[in-house]
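Below, all heavy atoms of this structure are taken into account, side chains as well, without hydrogens, waters or symmetry copies. Here is the naming used below: chain letters follow the sequence lines, and residue numbers restart at 1 for every chain.
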Amino acid sequence: MYGMIHQAARQLVLQSHGEAAWRQIVHVSGLTDSDFISAQHYDDEKTLGLIGAISKVSGAPMDELLVAFGQHWITFAAGTSYGRVMDMLGDNLEEFIENLDRMHAGIKATMPQASMPRFELLASNDGDLHVLYQSERSGLTPFVVGLLRGLMARFGVVGDVTGQKETPEGVVFTISRRMNAAA
Amino acid sequence: MGLHLGPHELDRFCPAYIRLGRDGTISAVGASIVRHIPIDLLGRVFFEHFVVERPTGIASLEALTVSGRRLIVRPIDHENLRMRGVVMVSGEHIYLLLGHIASADVKAPGVTLKVADFSPIDGSLDAFLAAQMREELLADATALARDLSAERANLELRIEQRTAELAAAKARAEQASVAKSTFLANMSHELRTPLNAILGYTEMVRENAQEDQRFADVEDLTRVIHSARHLLSLIQEVLDLAKIEAGRLDVCLSAINVGEIACEAVEAVRHKASVNGSQVIFDCEERGLLAYTDATKLKQCLLNLLSNAAKFTKDGYITLRIRASEDQFVFEVSDTGIGIAAEKIADLFQPFVQADKTISNIYGGTGLGLTITRRLAHMLGGDVSAASELGVGSTFTLQIARRLNADASVLGYKSETAIQPSAAIAV
């Protein structure tokens, strides 16, 4: 993964647990300043080691931590230079998801070694959104749940990720929307 | 030239396409154009709503179709929206197959480019993403430089503070050392004076007892005298070290023959060695070894080393060798005594340290002799070192400067008076 993920993890820990906890996590993970360059590509082991260290120090289970991290990723990325790119992806949840692959393709053009996930909005007539997630990595589905929740918050969608189903093509997430009570 | 893409396909690959009739009116536009220019363009004249910026000067449909070059087209009412592409003619239609040019101005009022405005084959979006990456990298570099700068300033401050603390601690330690040495010197003097009186009067009483043939008293008084002398020697060593540390011991230079000094030292310990059944061997036949140094301190060094050797060697041999070079004299005192464990050698020259705590119980001594010897050796422009093997013996090597503070010619000797080792001579 690339270093921006590490930056996001740092911000999440600093906001939730403070400087001392972050120093301890860096010590446990063995990362150095050079592991936090945004556009630098790092082995997944390094990133997972960092997440593992956060889990160890904070006491949060890995799955819960990945969900929280996914949610945080959306707000973190929006605050960087990529915020402009995210603005271009769409004005609503569906449009954004539909254009994610195009953005990832553009990033991959600059960072060919990056392994990007693929997202596809599946056709549906049940009122829910069904998102097909495909990735060469495994074990990151809680992170995707967090990402989808983060996007729902970004676009003011009320509801939750209510389903997650393994299929031969990949994992299909279901987003159930509710009418906003205030609306 | 044929174009066989339907409107839907054109939208997919060139969302900013414009189709013109031969008369220059717009007959179709891509989804992106529709989104950016909300008025209905169909049937309107192309050049009333668009300007061709590159190549310059194209103001007619005919020129447009025959140019053969890539165009840059801009809507007249949208200064910041530019599109680039090619012109193709197919049947009655002229197609401008355009893509957006990403720039820093993509967020002009009323014109917001979306990912959907770029066709999948349009590299402009990739360039735009790369530009964002570059911005993020620059932000990283700035943050890193700021952190490093702050870290460096913090480090410099800590170094300054630590240096000041160390300087203060050093000053305090030096003051404490001087105070301690002064105290020791004074106390040693106060102890030695009454002890000398005790020794003197005890010897007088013993002489009286001897004359009166009170042999039991003589024996008891002899023990008192031995103990008092032992105590006096200990106090003397403490006093010597205190003087050295307090900087109160001066060097008295004179032209001397180190061979003679060595002989005197050997003679002084010969009896002590013989009591332990040991023999002292002085391996030097040349006695004209001139030096300009402090004779008393040199003798004290040699006496300390030879006394130690005599003390720790039973039924063995103690050998003194002298070697001379142009600048130095080297004295080697070797013995066949109990030896010293390798791990103990490094601490030998520390004050109050003996190789084994049991040694002081068996052999006596304060553990100051070698410390004093090393300090004196330093004052004589040299040093002392030790090599030993447990159960085999030890060799202590004393080096001193040949001329401490004088020109060789004053002494009238030359460096060629180097000494050749010769057959051992028992003293």
Handout entry: Derivation and outcome, side chain to side chain contact (heavy atoms under 4.5 Å, CB included), residues A/Met88 and B/Leu125
Key = CA-CA 10 Å; A/Met88 292 174 67; B/Leu125 182 63; 3.8 Å; yes

For the [atom1] atom on [X], are there more than 12 heavy atoms of other groups (residues, nucleotides or ligands in this structure) within a distance under 6.0 Å?
X        : atom1 : value
A/His27  : NE2   : no
A/Arg118 : CZ    : yes
A/Gln15  : CD    : yes
A/Glu19  : CD    : yes
B/Arg84  : CZ    : no

Exercise for the section: Answer yes or no: is there a side-chain heavy-atom contact under 4.5 Å between A/Met86 and B/Gln132? Expected result: no

Problem - Rounded distance [0.5 Å steps], CZ in A/Arg102 versus CZ in B/Phe118 - result: 8.0 Å

Exercise for the section: Check step by step if side chain to side chain contact (heavy atoms under 4.5 Å, CB included) holds for A/Met103 and B/Leu129. Expected result: CA-CA 8 Å; A/Met103 181 188 75; B/Leu129 287 166; 4.1 Å; yes

Handout entry: Reference residue B/Lys114; test side-chain contact (heavy atoms from CB on, under 4.5 Å); the match among A/Asp91, A/Asp87, A/Asn99
Key = A/Asp91

